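For clarity, every value in this text was computed on a predicted model and none was experimentally measured.
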Amino acid sequence: MVTAAKHGATAPAHYEAALQELEQLVARLESGDMPLEQLLTQYQRGAELLKFCRDRLAAVEDQIKVLDQGTLKTWTSETA
């Protein structure tokens, strides 16, 4: 479900979309070509995207723990 985030921006549809938007945003921030007020707005959006990504990763990790009966196992290429 897509919900509205702060400042009228919408939540990304999925992790990959959030990550892509975050990467593009970081590139724009690092360019140094934005006015100060826009920098602040974009930084806030980046913080929202980062939280979204972290929350998604934590949810997946919790699901893996359940599937592995509470024991988080180290991933190796042999298990894939």
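Across L22 and G46, no two heavy atoms sit closer than the pair CD1-O, 3.7 Å. Of all the heavy atoms in C53 and Y15, the pair that sits closest is CB-CE1, 3.6 Å.
In this structure, R45 CZ and R28 CZ are separated by 10.0 Å, a value rounded to the nearest 0.5 Å. In this structure, Q63 CD and E61 CD are separated by 11.0 Å, a value rounded to the nearest 0.5 Å. Distance CG/D55 to CG/L50: 9.5 Å, rounded to 0.5 Å. Considering CG of L19 and CD of E16, their distance stands at 8.0 Å, rounded to 0.5 Å.
No side-chain heavy atom of E37 sits under 4.5 Å from any side-chain heavy atom of T41.
Transitive grouping of hydrophobic side chains (ILVMFWY, heavy atoms separated by less than 4.5 Å) keeps Y43 and L49 in distinct clusters. L25 and M34 fall within the same hydrophobic cluster, defined by Ile, Leu, Val, Met, Phe, Trp and Tyr side-chain heavy atoms under 4.5 Å apart, directly or through other members.
E48 and K51 are not joined by a salt bridge, as no carboxylate oxygen comes within less than 4.0 angstrom of a charged side-chain nitrogen.
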